[in-house]
Q: 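Please read through the structure below; I'll follow up with questions.
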Amino acid sequence: QGQDQDIWLGFRRDSLPSGAMSGEANGSVRDTAPLIGDKPSKAKVLGQEVLLDDENWHYVMVLPLLTDKNQEDYKHHISHPEKKAKEIFKKKTMAMPVVGSKFQKQMTEQEYHETVRSIIGDLLSSSTFGLKLGTKVSIDGDELFLMLELADEDAKVQIASSLDWSLPLKESEYDKKLKDPFPIDGGTPFEEFSKIDHRCPTTNYSGGKFYGSIYCPAYAYYSSGRAGSLQPFREVDALRMIWRRLEEYVSIEHLIAQGIIVQMFPVHRYSEIQKLSHSGFFTLRGLCKPLSKSDPTIDKVRDYFGEEVAFFFDWLNFSIRMMAPMAFISLLVFARYFLNLEPETRRYIQMSFAGILCLWASIFVERYNQNCETKIEQWGMRNLSQVSTVRPEFKLSYRGSTPESIQNGFHWCLVLAFMVETVLVTFAISAFRMDVDAHPDGERRVPWVDNETASDMGKYLITINIKIMAFIWGILSPALSGWENHKTDQDLKAARVSKIFAVKAVVYYYPFFYIAFVKRYIEGCGEVEGCVPELVENLAVFFATHIASVIAMIMIQIGWAKYQIWSEVKKAKKTKGEGVAYTYLQLQAKCPPYLEDTDDLMELVLSLGFVMMFAVALPVMACLAFITNLIEVKILAWRMAHVNQRARPMGQYGIGVWSDIIRILSTAAVVCNAGLAVFSMHPIKDMDTKTKLIIFVGLQNSAMVLKFIIESFIPMRPLNLVRIQEINELAVDDIFGDDKKIVQAKSTKKPDLGMKQGTVA
């Protein structure tokens, strides 16, 4: 390892280089002075004025420093330091003579930390990585910031070549080398591209021609010989390269677990955040942007945050667009209460709305699949599974073994246990309410609470149980999934999401299924309207509570981040004076990390399920969901840009397993809406049981047939995607193929192919 830079990663504050305590960088090719020139040197973020020191840094690694409060913790001895080191350093790192020999049989915690940090410094400053580095000490002097930047283009080229990196073709290469695909006799050459600037396909295709400005070039594996035909590396490429390169030598997870580093996060770029702001990504000025299908903002989000975040916002924007017409229809249905209509007419309007919901749910799924497949092609995620890195915890020998089967089986048993709890608790609460209602003026069933109030408490108890069980499972299930033997992060995420949603779906939806379809036969309901009024009341309470709790959690995160920053600044000013400077990197270090999209998508998909399955009982719910999502998308975007640390850019194939979950919900919506129309609404619910069952089976099967027809008419691979893939396949051959090269191989004896070899005289 040839060291290119001398970077200080010391542990003691009394050995800091000159200027480090004042926030100056050291040991770097360039310093980290505040931005100057046409860029602002200061900005206000989360209410705090900060010096902009983000510059061109890609990552910050935060390391602890010795202080008067913690130095005693580092004096105890470690019995097996080499064993701990093997958890951090990969085999090829430990095999290096300068690494394995440094860990003695007995070391103090401080000596172990110093040794590991020295090796990290050697690695990162060597030509193996090609990084620019810088260090500075935090404002309160208890942490060291190590800044990393991959600026060397030659280093990017070498890393990309070693990692099977793929990049999109330049649009101009299509103009130079693409042959006319499927030329039309007598037509103009390249007629398909007559409405656009390049001969590269776009995401929009109609009437045999491409249009629009969002190009969809082919992706090809990078090599130095192909560099001139491929688009340049983006910043997210550099972020991915640094992380993947580092993971080849060390385990970042174990560095954090052993306390060698506190955290490692990608750097937010203030200038890029401002560009996203001007595009309307998180501002009220762009409130209606999610309603525009052709808005290019989502591509800017992808270039800054990566595909995982981009697919999340792309799905949310699509959901809002699809929810808009349903919100309008739901208001018309809700308006029937204020019109002078006959009760029978109102009921038929409500039943018609149930049919519209089934139709809409099916269209929602198929249209999103089309939209998603196009984005997968445009963003080069088609072959993601082939290039995904293997998790260091994965053990091939453990896969398919009996212990693994037992481990996975135990997790699914817990899934079943939480489902059973929901059923039993819902039944118990319903039995309690039935008992209280049977004695309205009698002995109090709950001390200090009259029976009427106790009965009203029942609907809130169901909501409370939903939230408690969802919270517990949301902590327990991810931990169990993390211990399972999944090969890639995408496999782990899919398994985790499936198990979390399986429980939450029952926890959230079962109480309402019980009221809609079961309660009438166990407890009984009102004589006229049945259980529908209670279902509407419970839906209104839960949906309002759910929306309020989701927004409240987001606001709590924002408030907590502000408090953390305010506390650190106050502490620094108290010890160092009012003139102490707080920087943008230090602010980001205090922000909560962005983990992944699971929690946000979970709440949004669960809400979507309520709309698909139960909006026929409470039509205004669709309108509320539309308005809430329109506001929530801006709050989430603002949180991503200002409150959370920058998301580590992760590739993702669409929204993953969520597509299958939403498809299941759309199928459940068919059954649920047919059931509500038959068993809970007049006039069908007043018919005899045999007639109701016949009507239910007929309605359900008719809806399923209609769903199948919709799926057939809205194929997963729309015409634009088919044409994009056809042209891109040809383009790769035309651009990288060499059809002019003469082939000269060894010849063989010519066979006799004459016709007179048979029995002809």
Q: State, yes or no, whether a side-chain contact exists between Asp600 and Leu316 at a heavy-atom distance under 4.5 Å.
A: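 Of all side-chain heavy-atom pairs linking Leu316 with Asp600, none is under 4.5 Å.
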Q: Is any side-chain heavy atom of Leu601 closer than 4.5 Å to one of Phe312?
A: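 Side-chain contact under 4.5 Å: yes.
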Q: Does a side-chain N-to-carboxylate-O contact under 4.0 Å join Glu272 and Lys300?
A: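 No, this pair does not count.
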Q: Between Lys590 and Trp566, is there a donor-acceptor pair closer than 3.5 Å when you use the side chain of the first and the backbone of the second?
A: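 Not a single qualifying donor-acceptor pair exists.
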Q: Judged by atom type as modelled, is there a donor-acceptor pair below 3.5 Å linking the side chain of Thr628 to the main-chain atoms of Leu624?
A: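 Side chain of Thr628 to backbone of Leu624, a donor-acceptor pair under 3.5 Å: yes, one is there.
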Q: Under a 3.5 Å distance rule, please check whether Ser481 uses its side chain to pair with a backbone N or O of Pro478 as donor and acceptor.
A: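 The answer is no, because no donor-acceptor pair under 3.5 Å joins these two groups.
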Q: Please identify which of these residues, Arg648, Arg240, Arg302, Lys493, meets the salt bridge (charged side-chain N to carboxylate O under 4.0 Å, His left out) condition with Glu308.
A: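 Going through the options one by one, the only one that passes is Lys493.
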Q: Between Gln378 and Asp299, is the side-chain hydrogen bond (donor to acceptor under 3.5 Å, both in side chains) condition met? List the steps.
A: CA-CA 10 Å; Gln378 180 193 348; Asp299 294 311; 3.0 Å; yes
Q: Applying side chain to side chain contact (heavy atoms under 4.5 Å, CB included) to Leu636 and Arg639, what does each step give before you reach the verdict?
A: CA-CA 5 Å; Leu636 290 173; Arg639 185 194 69 183; 3.7 Å; yes
Q: Using a 3.5 Å distance criterion without hydrogens, assess whether the side chain of Tyr653 forms a donor-acceptor pair with backbone atoms of Ile376.
A: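 No; zero donor-acceptor contacts below 3.5 Å.
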Q: Tell me if a side-chain donor or acceptor on Asp237 pairs with a main-chain N or O of Arg234 at a distance below 3.5 Å.
A: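 Yes; judged by distance alone, with no hydrogens or angles, the pair exists.
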Q: Scan side-chain atoms only and decide if Thr598 and Glu596 contain a donor-acceptor pair under the 3.5 Å cut-off.
A: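 Yes, side-chain donor-acceptor contact under 3.5 Å.
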Q: Quick check: do Val267 and Gln645 have side-chain heavy atoms less than 4.5 Å from each other?
A: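 Side chain of Val267 against side chain of Gln645, heavy atoms only: no contact under 4.5 Å found.
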Q: Atom CD in Gln370, atom CG in Asn720: separation rounded to 0.5 Å?
A: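 Spacing of CD (Gln370) from CG (Asn720) equals 7.5 Å.
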Q: Should the ring pair Phe305 and Phe281 be called parallel, tilted or perpendicular, given that the plane angle runs from 0 to 90° and is split at 30 and 60?
A: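 Tilted, since the angle between the ring planes falls between 30° and 60°.
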Q: Parallel, tilted or perpendicular: which one describes the rings of Phe233 and Tyr222, with boundaries at 30° and 60°?
A: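 Ring orientation, 0 to 90° scale: tilted.
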Q: Charged N to carboxylate O below 4.0 Å: is that the case for Lys499 and Glu484?
A: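 Judged by the 4.0 Å cut-off on N to carboxylate O distance, Lys499 and Glu484 do form a salt bridge.
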Q: Whether the Thr583 and Gln586 side chains hold a donor-acceptor pair (N or O, under 3.5 Å, no angle test) is what I'd like checked.
A: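 Note: Thr583 and Gln586 side chains meet the donor-acceptor criterion.
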Q: Is there side-chain contact between Tyr582 and Ile565, with at least one heavy-atom pair below 4.5 Å?
A: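 Yes; the side chains approach each other to less than 4.5 Å.
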Q: Counting N and O atoms only, with roles assigned by atom type, does the side chain of His58 sit under 3.5 Å from a partner on the main chain of Leu239, one being a donor and the other an acceptor?
A: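 Side chain of His58 to backbone of Leu239: no pair is present.
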Q: Distance-only, no hydrogens or angles: does the Arg269 side chain make a donor-acceptor pair with backbone N or O of Glu55 under 3.5 Å?
A: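 Yes: the side chain of Arg269 pairs with the backbone of Glu55.
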Q: Classify the angle between the aromatic ring planes of Phe610 and Tyr509 as parallel (below 30°), tilted (30 to 60°) or perpendicular (above 60°).
A: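 Perpendicular.
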Q: Between Arg496 and Phe501, is NZ or CZ placed under 6.0 angstrom from the six-membered ring centre and within 45° of the ring axis?
A: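 So Arg496 doesn't make the cation-pi contact.
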Q: Could you walk me through whether Ile256 and Val262 satisfy the side chain to side chain contact (heavy atoms under 4.5 Å, CB included) test, starting with their C-alpha distance in whole Å, then the side-chain angles of each, then the deciding distance to 0.1 Å, before giving a yes or no?
A: CA-CA 6 Å; Ile256 296 174; Val262 179; over 6 Å; no
Q: Say you draw a straight line from CG of Leu146 to CD1 of Ile261; how long is it, rounded to the nearest 0.5 Å?
A: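 Nearest 0.5 Å value for the CG-CD1 distance: 9.5 Å.
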Q: On the 0 to 90° scale, with breaks at 30° and 60°, tag the Phe129-Tyr249 ring pair as parallel, tilted or perpendicular.
A: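 Tilted: the ring planes of Phe129 and Tyr249 meet at 30° to 60°.
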Q: Would you check, one step at a time, whether the test side chain to side chain contact (heavy atoms under 4.5 Å, CB included) holds for Phe626 with Ile320?
A: CA-CA 6 Å; Phe626 168 72; Ile320 292 170; 3.7 Å; yes
Q: To the nearest 0.5 Å, what is the distance between CG (Leu51) and CG (Leu587)?
A: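 Nearest 0.5 Å value for the CG-CG distance: 11.5 Å.
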Q: Between Lys132 and Asp152, does a salt bridge (charged side-chain N to carboxylate O under 4.0 Å, His left out) hold up when you go through it step by step?
A: CA-CA 8 Å; Lys132 288 184 178 180; Asp152 188 348; over 6 Å; no
Q: Relative to the ring of Trp473, is the ring of Phe418 parallel (under 30°), tilted (30 to 60°) or perpendicular (over 60°)?
A: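 Because their plane-to-plane angle lies in the 30° to 60° range, the rings of Phe418 and Trp473 count as tilted.
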Q: Let me confirm one number: the NZ-CD1 distance from Lys156 to Ile159, rounded to the nearest 0.5 Å.
A: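 Answer for the NZ-CD1 pair, Lys156 versus Ile159, is 9.5 Å.
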Q: Measuring from atom OH of Tyr594 to atom CE of Met650, what distance do you get when rounded to the nearest 0.5 angstrom?
A: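 Here the rounded value is 10.5 Å.
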Q: For the pair Asp140 and Lys570, find out whether any cationic side-chain nitrogen is under 4.0 Å from an anionic carboxylate oxygen.
A: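 Lys570 and Asp140: not salt-bridged.
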Q: Is the distance between the ring centroids of Tyr563 and Trp560 less than 6.0 Å?
A: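 Tyr563 vs Trp560: aromatic centres under 6.0 Å.
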Q: Measure the CD1-CD1 distance between Ile500 and Ile661 for me, rounded to the nearest 0.5 Å.
A: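 The CD1 atom of Ile661 is 9.5 Å from CD1 of Ile500, to the nearest 0.5 Å.
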Q: Suppose we screen for side chain to side chain contact (heavy atoms under 4.5 Å, CB included). Which residues come up paired with Thr545, at least two apart in sequence or across chains?
A: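 Partners of Thr545 under the side chain to side chain contact (heavy atoms under 4.5 Å, CB included) test: Thr463, Val541.
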Q: Should the ring pair Phe311 and Trp379 be called parallel, tilted or perpendicular, given that the plane angle runs from 0 to 90° and is split at 30 and 60?
A: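 Geometry flag for Trp379 against Phe311: perpendicular rings.
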Q: Is it true that Glu247 and Arg244 make a salt bridge, defined as a side-chain N closer than 4.0 Å to a carboxylate O?
A: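 Looking at Glu247 and Arg244, the cut-off is not met.
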Q: With a 3.5 Å distance limit and no angle check, can you tell me whether Asp54 reaches the backbone of Tyr584 through a side-chain donor-acceptor pair?
A: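 Pair absent, no side-chain N/O of Asp54 close to backbone of Tyr584.
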Q: Ignoring hydrogens and geometry, is there a side-chain-to-backbone donor-acceptor pair from Gln263 to Met61 under 3.5 Å?
A: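 No, Gln263 side chain to Met61 backbone: no donor-acceptor pair under 3.5 Å.
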Q: Taking the side chain as every heavy atom from C-beta outward, state whether Arg367 and Arg321 have any pair of such atoms under 4.5 Å apart.
A: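 The answer is no; the side chains never approach within 4.5 Å.
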Q: Contact between Met147 and Phe145 at the side-chain level, heavy atoms closer than 4.5 Å - yes or no?
A: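 Answer yes - side chains close enough.
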Q: Assess the residue pair Trp483 and Glu393 against the criterion (side chain to side chain contact (heavy atoms under 4.5 Å, CB included)); give the C-alpha distance rounded to whole Å, side-chain angles, the decisive distance to 0.1 Å, and a yes or no.
A: CA-CA 8 Å; Trp483 294 330; Glu393 297 84 2; over 6 Å; no
Q: Return yes if some donor-acceptor pair links the side-chain N/O of Gln652 with the main-chain N/O of Gly654 below 3.5 Å, else return no.
A: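 Yes, because the side chain of Gln652 sits within donor-acceptor range (under 3.5 Å) of the backbone of Gly654.
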Q: Would a 4.5 Å heavy-atom cut-off, applied to side chains only, mark Tyr304 and Arg646 as touching?
A: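 In contact.
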Q: Which heavy atom in Tyr368 sits nearest to a heavy atom in Ser659, and how many Å separate them?
A: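 In terms of heavy atoms, the two residues are closest at CE2-OG, 4.1 Å.
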Q: Do Leu169 and Gln231 have side-chain heavy atoms sitting under 4.5 Å apart?
A: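 They are not in contact (no side-chain heavy atoms under 4.5 Å apart), so the answer is no.
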